[in-house]
Amino acid sequence: MKRQRRRLLYVVTGLVLLGGAAAIVLSVLSDNLVFFYSPTDLATQQIPDGRPLRIGGLVADGSVHRSADGKSTTFDVTDKVHHVQIIYSGPLPDLFREGQGVVIEGVREANGTIMASTVLAKHDERYMPPEVVDALKRAGRWQESAAAAR
Amino acid sequence: MFRFANPARFMRFSAAILPWCAGATALLLAAGLVLALFVSPPDYQQGEAVRIMYVHVPAAYLASLAYAVVAVASAVSLIWRHPLADIAAQEAAPLGAGFTLICLISGSLWGEPMWGTWWVWDARLTSVLVLFFLYLGYIALVHAFDDPTRGARAGAILALVGVVNLPIIKFSVDWWSTLHQPESIFRLGGPTIAAAMLWPLAVMALGFTLFFVTLLLVRMRSRLLAAKIRALRLVG
């Protein structure tokens, strides 16, 4: 019984030390584990130009314009505080629309515009049939449910 | 706790519950697939592609659950040196690896049309890929020794070290900005999945769980029977 007690102690101590080490490493690395920056990060943090980066946010309402030849699209990505302009030429994912969460990969130009090389649509955690969404919108509670999901 | 850990008792107990587990698995998976593929509604954004979720989410949940089984059994084996715990850990690992692979592949198939990419290196996807490699590493390490008890002990230590990854997978979508959507089911403020989609998902998750239990029992029984045959051969 005494041996088993000691081994239990070893395992528990080992796990506690390991957990502590992992917590330290993750909290130190946390800035580098971010998949994308928000437009506010871009405005307030020192992020060098000319290097590929990712921006995440919502496609601003009414900001999507396709060029005359139909090849490129410009739109704004916003986090409701700051926004950045994106220029992208290429196929857009199915979920791309105004108000949709997106993640952009691209390079920031000197004037602050992002030349995007990839546009990814970000799905939110809400899963609903279309009728439910219509009902929520009719009742004026769609925004409320969106806010609750944030 | 160790009443069922006696191998002879485990054989009797598992033989009694195995048919029930197998039957319930078949029923739940059949009902779950009908609900998921035909009865449940399409999503307002994803359309019919949402049906991939009914396989992806249960597979992801079992990928983690199976790892928890491997880790707990490994701890029991290290502390109390119980042979049945080693067998449980070693037989659960390939099942967990299988579920992880299903999760990764189904997620990739969903990501291409929805996100616009098969794969990104965000925190959630990467940590699940690490889980897959942990399973493979564990399986390889267990078999890397001539002496099976040494292999089991080395594997058990690796399994316990890898447990750090489970909370990382679970909370990756909250701690860091990821492309993967945040938790929809077990979250403060209740699920954000409509009830008409949550029910089929629950049936599938229960079916997957019983499928795992059934396969684990079958694998552990065959392992014990194989050991018995080997012992009889040596005597004869």
Side-chain angles (χ1 to χ4, degrees), chain A residues 3-12 14-15 18-19 21-23 25-27 29-38 41 54 56 90-97 100-103 105 118-134 136-137 145-146 148-150, chain B residues 40-47 49-50 53 71 74-76 78-81 110-117 120-126 156-157 160-165 167-168 171-173 175-185 187 189-198 201:
Chain A
R3 271 228 191 105
Q4 295 178 354
R5 262 271 194 60
R6 205 180 56 214
R7 290 198 295 252
L8 178 64
L9 202 68
Y10 282 151
V11 168
V12 171
L15 282 179
L18 192 72
V25 169
L26 290 177
S27 64
L29 281 180
S30 68
D31 286 346
N32 298 320
L33 286 171
V34 165
F35 187 66
F36 55 79
Y37 296 110
S38 68
D41 291 339
R54 296 196 195 91
L92 292 161
D94 289 359
L95 289 182
F96 183 88
R97 64 198 73 172
Q100 178 72 40
V102 287
V103 176
E105 287 177 11
T118 314
V119 173
L120 303 174
K122 185 165 162 38
H123 189 263
D124 66 19
E125 66 273 42
R126 290 178 298 169
Y127 297 79
M128 291 178 210
E131 310 87 72
V132 175
V133 176
D134 289 345
L136 278 174
K137 280 182 176 160
S145 101
R150 290 281 156 245
Chain B
S40 71
D43 182 69
Y44 76 108
Q45 279 198 322
Q46 308 165 44
V50 71
M53 171 185 77
S74 295
V76 171
L78 280 179
I79 298 165
W80 289 284
R81 299 276 147 87
W110 181 88
E112 214 291 321
M114 291 301 125
W115 289 338
T117 180
V120 289
W121 293 101
D122 83 349
R124 173 54 78 74
L125 277 67
T126 308
I157 292 170
L160 283 179
V161 171
V163 133
V164 170
N165 197 28
I168 296 180
F171 295 109
S172 55
V173 288
W175 290 342
W176 305 295
S177 59
T178 53
L179 186 61
H180 193 286
Q181 53 268 43
E183 177 70 51
S184 301
I185 305 166
R187 62 190 285 282
T192 48
I193 300 187
M197 297 174 172
L198 196 54
L201 184 61

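All figures in this text were calculated on a predicted structure; none of them were measured in a lab. So you know, we letter chains A, B, ... as the sequences are listed, proteins then strands, and number each from 1.
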key: Gap separating the OG1 atom of B:Thr117 from the CD atom of A:Glu105, nearest 0.5 angstrom   = 8.0 Å
ask   = Between B:Pro182 and A:Lys122, which heavy-atom pair has the shortest distance, and what is it?
value = CD-NZ, 4.4 Å
note = Separation between CG (B:Asp122) and CZ (A:Phe36), nearest 0.5 Å, reads 9.0 Å
task = Please confirm whether the backbone N or O of B:Leu78 pairs with a side-chain atom of A:Arg7, one donor and one acceptor, at under 3.5 Å?
result = yes
Contact origin within A:Arg54 toward chain B - heavy atom pairs under 4.5 Å = neither
request  = Under 4.5 Å, counting heavy-atom pairs only, tell me which of B:Val173, B:Val164, B:Leu179, B:Val163 racks up the most with chain A.
outcome  = B:Leu179
request  = Considering only heavy atoms and a distance below 4.5 Å, find which of B:Gln181, B:His180, B:Met53, B:Met114 pairs most often with chain A.
outcome  = B:Gln181
ask   = B:Glu183: what forms a salt bridge (charged side-chain N to carboxylate O under 4.0 Å, His left out) with it, not counting sequence neighbours?
value = B:Lys170
query = A:Leu15 versus chain B, heavy atoms under 4.5 Å apart: side chain, backbone, both or neither?
reply = side chain
Polar side-chain atom of B:Asp43 near backbone of A:Pro129 as donor-acceptor pair, under 3.5 Å = no
Shortest non-hydrogen contact from B:Thr178 toward A:Phe35 = CA-CB, 4.1 Å
ask   = Hey, are the side chains of A:Leu26 and B:Ile168 touching, using non-hydrogen atoms and a 4.5 Å cut-off?
value = yes
key: Which of B:Thr126, B:Val120, B:Val50 touches chain A most, by non-hydrogen pairs under 4.5 Å   = B:Val120
key: Part of B:Val161 within contact of chain A (heavy atom distance under 4.5 Å)   = both
task = Please determine, among A:Pro93, A:Gly14, A:Pro130, the option with the most heavy-atom pairs under 4.5 Å with chain B.
result = A:Pro130
request  = Locate the shortest heavy-atom distance separating B:Gln45 from A:Leu95; write the atom from each residue and the value.
outcome  = O-CD2, 3.4 Å
key: Closest non-hydrogen atom pair, A:His123 against B:Trp110   = CB-CH2, 3.7 Å
query = Relative to chain A, which segment of B:Met197 carries a heavy atom at a distance below 4.5 Å: side chain, backbone, both, or neither?
reply = side chain
message = Side chains of A:Tyr127 and B:Gln46, heavy atoms from C-beta outward: is any pair under 4.5 Å?
response = yes
request  = Would you mind telling me which of B:Leu160, B:Val76, B:Ile157 makes a side-chain contact (heavy atoms from CB on, under 4.5 Å) with A:Val11?
outcome  = B:Leu160
task = Just jot down the side-chain hydrogen bond (donor to acceptor under 3.5 Å, both in side chains) partners of B:Ser172, sequence neighbours excluded, or say none.
result = B:Arg124
task = Check each atom of A:Val119 against the heavy atoms of chain B and say whether the ones under 4.5 Å are side chain, backbone, both or neither.
result = backbone
